[in-house]
Protein chains: 2
Amino acid sequence: MIRIGIVDDKRNNRIILADKLRRNNLFDIRLEAANGEQFLHKMMELKFDERPEIVLMDLEMPVMDGIVTIAAGSSLYPGTRYVVLTIFDDDDRIFNAIKAGACGYLLKEESGDIIADILMNLWKNGAGPISPSIAYKILQMIQNPPPAKPLSGAQKSENLFQLSEREKEILRFLCQGLEYKEIAEKLSISANTVKKHVINIYDKLHVNNKARALHIAYTKNLL
Amino acid sequence: MIRIGIVDDKRNNRIILADKLRRNNLFDIRLEAANGEQFLHKMMELKFDERPEIVLMDLEMPVMDGIVTIAAGSSLYPGTRYVVLTIFDDDDRIFNAIKAGACGYLLKEESGDIIADILMNLWKNGAGPISPSIAYKILQMIQNPPPAKPLSGAQKSENLFQLSEREKEILRFLCQGLEYKEIAEKLSISANTVKKHVINIYDKLHVNNKARALHIAYTKNLL
DNA sequence: AAAAAAACTATCCAAATGGATTATTGATGA
DNA sequence: TCATCAATAATCCATTTGGATAGTTTTTTT
C-alpha cells in the first residue's frame, strides 16, 4: 500500500479523487487537507513512517498556494514526493511547481486507471510523470541558461516566500549562528525587533523554529 | 519519411536499431557510422537536404566520443537533431550531452515502438525525447544543482570532525528541525541523552549553538 | 492625502537550549 | 585485566527562543 496525501480546497474533488484511488487496493489515503497551511500542519503531526509517500497537490487554493506549499514541504519532508494536480495544462505554473520541488504533474480529468498507473510508476521507479512539453522546457533551460546569470549552480530562487529585504538580511545572520542580540547589535536595532522579524520569517516559511527555517534557507537557496 | 542517422561502433547495434525503425515505414535510414570521425565525414559529403534530420548517437565509442561529436555536429549542421542512445543512465554524461547540444536522451533497452513514437514526436513537435527516468534525473539536477565543488581530492570529507555514527544520526535529526524530545522519542532514548550528544557534537564542531552546527553540517556536507 | 506595508519597540510567559557536572554500562583494545 | 571510550541518564541553572499581543514610526503605494 502506498501512502497518499491529497490537498485540494474543494471537498468534492478530494472525495472523487480518493474514490478513484481506492478502487484498486494499492493506495492508502492517509492525509487530506484543504490548503497548504493545513497540509503542513498535519505533516508535522505525523510520524516519519506515517507520512504520505506521495502527495497530490492542487495548485489553485486559497490561504496557501500549492507552489509555496510544495517548496516548503519538499524541504521539510524530503521523504515525500509531490505531484501537481491541476485542471489547467499551464506550462509556466507547472514549471514553477517543478522548480519548487514537485516531481511531476497530472491533469485532473485523467482516469483513475491512468492516475493509478502513473503513481505506481513514480513509486517504483522514482520517475515522475512529466509531459513532453515540460521536459522540453527543462532541456532548453539547461541548454540556454537564463541570460546574465553565472553558470555556477547557485541561482537565486525568485523570492518564492516573499521575504522582505530586511527579513532576508536577518535570515542570513541567523544562518551564521548569531543570536538575536548579536544581530540587533550589528543592525543597531533592538533585540525585540530582531525577534519580531524572525517570527515574521517563520510565518512566511511556515515553520516554527530556527532549524527548520535554516533548512529551507539552505535547501532553497534563500541566501 | 524522416531521415535518420545512426552512429554506433557496434555493427550489430546499428543493424538491430535500424531494423526496429524500419518496421514501420516512417523512417529512412540515410547514414550509418561507426564513430564520430566517420559520422562527421559522411555528413560533410551529403547535400543539405539529404542529411539526416535526427541522429541517434551512441556515447561509448572509440576514436571520437559521442559527446564531442554532438558538440561539433550541432554546430556544423544545426538542421540535424541529436538524440543520445546509451545503456548507462549516468547523470554526468546526460548533463554533458545535453550541454553539448543533444535534444534527447534514450536508453537502449526501450522498445522499438517507444523509440519510434518518441522520434515521431520529436520530429513533429520539436519536443525532445527523454525517458521518464532521465527526465526525472534532469529535474533533480535543476532542483539540486550540484554544488560547485571547491577543491579536488578530499571531496569525501571523511569524517573530518570525527563524529560518531550516533552523533551523525542526531545531527541529521537536528537539521530536520526536531527538538530534543522528538529525537529522543524517535531513538527511544532519554531527551537528556540527546542533549548530551548535541553538546558533544558542538564540542567536536567547535560551535556553541544549533544554527552554527547546522551551518557547518550544510556547508561541509555532513549529512 | 489617505491607506497599506515594512520596520521598529516593548512586555509577558512558557518552553527549549546550552553548559557544567556526575555516574553507570557495555564494548574495544592494549 | 585494566584503561578507555561511546552511549546512556540525570540534575541544576542561566540564557535563548517562540508565541501572542499591542503599539509607534517610516516608507511606499494608491
Side-chain angles (χ1 to χ4, degrees), chain A residues 37-38 40-45 47 63-65 68 72 75-76 158-218 222, chain B residues 158-218 222:
Chain A
E37 205 88 69
Q38 212 179 90
L40 290 179
H41 189 250
K42 289 190 175 180
M43 284 291 274
M44 202 174 59
E45 291 187 330
K47 297 210 188 83
V63 183
M64 187 175 173
D65 156 83
V68 177
S75 273
L76 295 172
E158 207 35 75
N159 216 8
L160 193 52
F161 295 97
Q162 309 263 63
L163 296 184
S164 72
E165 278 312 311
R166 196 54 150 180
E167 286 163 348
K168 286 188 238 171
E169 192 178 11
I170 285 176
L171 182 54
R172 278 189 290 271
F173 282 128
L174 279 189
C175 285
Q176 287 164 36
L178 300 192
E179 289 171 358
Y180 296 167
K181 57 181 171 187
E182 295 176 301
I183 298 175
E185 217 170 291
K186 288 216 177 232
L187 298 177
S188 306
I189 58 178
S190 140
N192 289 312
T193 307
V194 174
K195 180 174 162 181
K196 180 64 178 145
H197 282 303
V198 171
I199 299 277
N200 290 339
I201 291 170
Y202 292 175
D203 277 351
K204 290 187 180 177
L205 301 188
H206 306 281
V207 298
N208 61 354
N209 67 45
K210 209 180 279 187
R212 276 190 247 259
L214 299 200
H215 186 253
I216 292 185
Y218 283 113
L222 262 42
Chain B
E158 209 34 81
N159 223 0
L160 193 51
F161 296 96
Q162 307 267 63
L163 296 183
S164 72
E165 276 313 310
R166 197 55 149 178
E167 285 162 349
K168 286 189 238 171
E169 190 177 14
I170 286 176
L171 182 54
R172 278 190 290 271
F173 283 129
L174 279 189
C175 285
Q176 286 165 35
L178 300 191
E179 289 169 359
Y180 295 167
K181 58 181 171 189
E182 295 177 301
I183 298 175
E185 215 172 294
K186 287 209 177 241
L187 299 177
S188 306
I189 58 178
S190 141
N192 289 313
T193 305
V194 173
K195 181 173 159 182
K196 179 61 177 151
H197 282 304
V198 172
I199 300 279
N200 290 150
I201 291 170
Y202 292 175
D203 277 351
K204 290 187 179 176
L205 301 187
H206 305 285
V207 297
N208 60 352
N209 67 44
K210 210 181 277 188
R212 275 190 249 260
L214 300 199
H215 182 74
I216 292 184
Y218 284 114
L222 262 42

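For the numbers below, each heavy atom of this structure counts, side chains included, while hydrogens, waters and symmetry mates do not. Proteins get letters first, then strands, A, B, ... in listed order; numbering begins at 1 in each. If you're wondering where the values come from, they're calculated on a predicted model, not measured in any experiment.
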Distance check: side-chain N/O of [X] vs OP1/OP2 of [N], anything under 4.0 Å?
X	N	value
B/Tyr202	C/dG18	yes
A/Lys210	D/dT17	yes
B/Ser164	D/dC5	no
A/Thr193	C/dA10	no

Open item on the list: Minimum heavy-atom separation for A/Ser190 and A/Ala184, please, with both atom names.
Closed with: C-CB, 3.7 Å

Open item on the list: Over the length of the helix from C/dA1-D/dT30 to C/dA30-D/dT1, how much do the five-pair end axes diverge, rounded to 10 degrees?
Closed with: 60°

Task: Shortest side-chain distance from A/Val198, nucleotide among D/dT21, D/dG18, C/dT21 - done: D/dG18

Can you give me every donor-acceptor pair (side chain of residues 209-218 of chain A, partner residue at least two apart or in another chain, under 3.5 Å) with its distance?
{"from": "A/Asn209", "atom 1": "OD1", "to": "A/Ala211", "atom 2": "N", "distance (Å)": "3.1"}
{"from": "A/Asn209", "atom 1": "OD1", "to": "A/Arg212", "atom 2": "N", "distance (Å)": "2.9"}
{"from": "A/Asn209", "atom 1": "ND2", "to": "B/Gly177", "atom 2": "O", "distance (Å)": "3.0"}
{"from": "A/Arg212", "atom 1": "NE", "to": "A/Asn208", "atom 2": "OD1", "distance (Å)": "3.4"}
{"from": "A/Arg212", "atom 1": "NH2", "to": "B/Gly177", "atom 2": "O", "distance (Å)": "3.4"}
{"from": "A/His215", "atom 1": "ND1", "to": "A/Ser75", "atom 2": "O", "distance (Å)": "2.9"}
{"from": "A/Tyr218", "atom 1": "OH", "to": "A/Cys175", "atom 2": "O", "distance (Å)": "3.3"}
{"from": "A/Tyr218", "atom 1": "OH", "to": "B/His215", "atom 2": "ND1", "distance (Å)": "2.5"}

Open item on the list: Applying salt bridge (charged side-chain N to carboxylate O under 4.0 Å, His left out), can you list everything that pairs with A/Glu179, at least two apart in sequence or on another chain?
Closed with: none

TODO: Only counting residues at least two apart or in another chain, list the ones meeting salt bridge (charged side-chain N to carboxylate O under 4.0 Å, His left out) with B/Lys181.
DONE: none

Exercise answer: donor-acceptor pairs, residues 166-174 of chain A side-chain atoms, under 3.5 Å, sequence neighbours excluded:
{"from": "A/Arg166", "atom 1": "NH1", "to": "A/Glu169", "atom 2": "OE1", "distance (Å)": "3.0"}
{"from": "A/Glu167", "atom 1": "OE1", "to": "A/Ser164", "atom 2": "N", "distance (Å)": "2.8"}
{"from": "A/Glu167", "atom 1": "OE1", "to": "A/Ser164", "atom 2": "OG", "distance (Å)": "3.3"}
{"from": "A/Glu167", "atom 1": "OE1", "to": "A/Lys204", "atom 2": "NZ", "distance (Å)": "2.8"}
{"from": "A/Lys168", "atom 1": "NZ", "to": "A/Glu165", "atom 2": "OE2", "distance (Å)": "3.1"}

Task: DNA chain D-proximal residues of residues 170-182 of chain A, any heavy atom under 4.0 Å - done: A/Glu179, A/Tyr180, A/Lys181

Task: Nearest-nucleotide 5' precedence on DNA chain D, B/Leu187 against A/Ile199 - done: B/Leu187

- [ ] Could you check B/Lys204 against B/Asn192 and say which one's nearest nucleotide on DNA chain D is further toward the 5' end?
- [x] B/Lys204

Rounded off to whole Å, could you give me the [atom1]-to-[atom2] distance for the [X] and [N] pair?
X	N	atom1	atom2	value
A/Asp203	D/dG19	CG	C1'	10 Å
B/Lys196	D/dT11	NZ	P	16 Å
B/Ile183	D/dA7	CD1	P	15 Å

Task: Close side-chain approach of A/Met44 to A/Leu40, heavy-atom, < 4.5 Å - done: no

TODO: Compare all side-chain heavy atoms of A/Leu76 with those of A/Met43 and state whether any distance is below 4.5 angstrom.
DONE: no

- [ ] Would you indicate whether B/Glu185, at its atom CD, is surrounded by more than 12 heavy atoms from other residues, nucleotides or ligands within a distance under 6.0 Å?
- [x] no

Open item on the list: I'd like to know if B/Lys195 reaches the base of C/dG18 with its side chain such that a donor and an acceptor end up less than 3.5 angstrom apart.
Closed with: yes

